[in-house]
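See below for the structure under consideration.
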Amino acid sequence: MIERKLLFTGATGAGKTTAIAAISETKMVRTDVPNSDPTVSKALTTVGLDYGEITLDNGEKFRLFGTPGQQRFAFTWPILSRGAIGLIILIDNSAADPLADIVTYARGFQPLIESAACVVGVGRLETHVRPSLDDHSRTLASVGLLCPIIPVDVRQKADVLLLIDILLTQLENKR
Amino acid sequence: MIVHPNIRSAAQQSVETLFSAVAGTMSVVASTADGFAIASRTTDPAQTNRIAAMSSSIAAIGAVAGAETLLGQLKCVTVEFDTGILVVMEVPDIRNPLVLTLVLDQRGLLGNALFHCKQTVKQLADSLAALPRFGA
Ligand SMILES: Nc1nc2c(ncn2[C@@H]2O[C@H](COP(=O)(O)OP(=O)(O)OP(=O)(O)O)[C@@H](O)[C@H]2O)c(=O)[nH]1
Ligand SMILES: [Mg+2]
């Protein structure tokens with residue numbers, strides 16, 4: 001049995017499903033369905049959960065879960081949080097209000113963040129430089145959270161692995 | 001939400017039919033696959049949107065379980081509780097698949113509910129298929 005569980009969250013379109021697909025070594029479990037919200041410019045959206053698995057270079061195995069991003073599925077968040085040892089929050093910097101997003105997920109996952117490790121990956125920074133990583137940092141601090149924030153392109157396997165690497169470093173320091 | 005009025009009215013008709021056909025029904029909700037309510041009849045309207053979102057999750061997880069176990073297309077998920085039953089069914093359609101949810105209190109009988117749900121799903125699927133195709 002693979003004991004360790006990591007959870008990906010963040011707003012719709014931030015790339016939770018894409019991130020897990022980029023690194024999963026097993027066929028992903030997907031619950032994406034046609035999107036009917038015209039304010040979301042994406043064909044499919046996750047309504048249940050994402051699931052994948054990965055073995056790191058050191059042989060450690062992880063189960064990877066992703067949440068749905070849209071707020072009406074917030075009831076899945078505590079369910080999917082159970083047993084997770086780390087949380088990866090993904091932010092789409094081209095979204096209408098990325099700083100509000102970071103607050104939503106920091107607050108929404110507060111119990112998990114307090115008991116586990118957390119890292120934030122901000123996407124599309126090349127095309128959307130504002131808010132900056134510093135702005136994100138300050139916003140997180142304003143809700144009482146301190147965790148690493150890095151730029152990512154979740155389509156790139158190396159970027160997603162880096163997020164996990166940082167998360168595991170956080171965990172070691174917590175011990 | 002992009003749902004044609006004709007789809008809404010077909011869904012509302014089915015919802016009304018099902019609501020009055022099954023004793024003990026508390027709510028019937030028809031929703032898009034991604035969890036937006038498009039038609040409902042309920043004793044507690046505050047619940048409608050929450051039921052729609054939860055049912056789309058239940059249907060999607062049920063569907064993926066069917067795929068993983070090679071059991072084919074999802075037809076129905078039933079969830080039984082101390083004082084009632086939740087029935088979630090997929091309404092197949094090429095363009096606008098829907099999810100139909102029935103909430104029953106303790107007076108509801110599962111066999112009866114399933115029989116009427118299946119009929120309603122078939123009816124609704126037929127009327128969706130008969131609608132002219134909108135847009136692209
Ligand atoms: N151009 C560009 N596209 C990106 C970048 N990061 C992610 N994407 C795209 O953004 C989309 C993200 O979609 P999903 O992975 O479905 O997003 P999600 O977070 O799972 O969304 P929900 O399931 O709806 O909550 C994909 O089409 C990615 O290819 C980026 O840095 N640049
Ligand atoms: Mg997704």
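Note that these values count all heavy atoms, side chains included, but never hydrogens, waters or copies made by symmetry. Here is how names work: the chains are called A, B, and so on, in the same order as the sequence lines, proteins then strands, and each is numbered from 1.
Residue-level contacts of residues 100-116 of chain B with chain A do not occur; threshold 4.5 Å between heavy atoms. Contacts between residues 11-21 of chain B and chain A, defined by a heavy-atom separation under 4.5 Å, are made by no residue at all. Proximity to chain B among residues 40-50 of chain A is limited to Thr45(A), Val47(A), Gly48(A), Leu49(A), judged by heavy-atom separations below 4.5 angstrom. Using a 4.5 Å cut-off between non-hydrogen atoms, the part of residues 11-34 of chain A that approaches chain B consists of Lys27(A), Val29(A), Arg30(A), Thr31(A), Val33(A), Pro34(A).
Looking at Ala33(B), the atoms closer than 4.5 Å to chain A (heavy atoms on both sides) sit in the backbone and in the side chain alike.
Cluster membership check: Val79(B) shares its hydrophobic cluster with Val99(B), using side-chain heavy-atom separations under 4.5 Å among Ile, Leu, Val, Met, Phe, Trp and Tyr. Note on Phe81(B): it does not cluster hydrophobically with Ile61(B), by side-chain heavy-atom contacts below 4.5 Å among ILVMFWY residues. Linking Ile, Leu, Val, Met, Phe, Trp and Tyr whenever their side-chain heavy atoms come within less than 4.5 Å leaves Met54(B) and Met89(B) in two separate clusters. Met26(B) is not connected to Ile85(B) by any chain of hydrophobic side-chain contacts under 4.5 Å among Ile, Leu, Val, Met, Phe, Trp and Tyr, and they are in different clusters. In the hydrophobic clustering of ILVMFWY residues, with side-chain heavy atoms under 4.5 Å counting as a link, Leu86(B) and Val91(B) come out apart.
Within 6.0 Å of the CG atom in Asp57(A), the count of heavy atoms belonging to other residues, nucleotides or ligands does not exceed 12. The local environment of CG in Asp82(B) is sparse, with at most 12 non-hydrogen atoms from other residues, nucleotides or ligands closer than 6.0 Å. Shown here is Leu71(B), whose CG atom has more than 12 heavy atoms of other residues, nucleotides or ligands within 6.0 Å.
Phe73(A) CZ to Arg50(B) CZ: the interatomic distance, rounded to the nearest 0.5 Å, is 12.5 Å.
Between the Arg72(A) side chain and the Asp34(B) main chain, a donor and an acceptor come within less than 3.5 Å of each other.
The residue among Ala52(B), Gly35(B), Ala53(B) with the most heavy atom pairs within less than 4.5 Å of chain A is Ala53(B).
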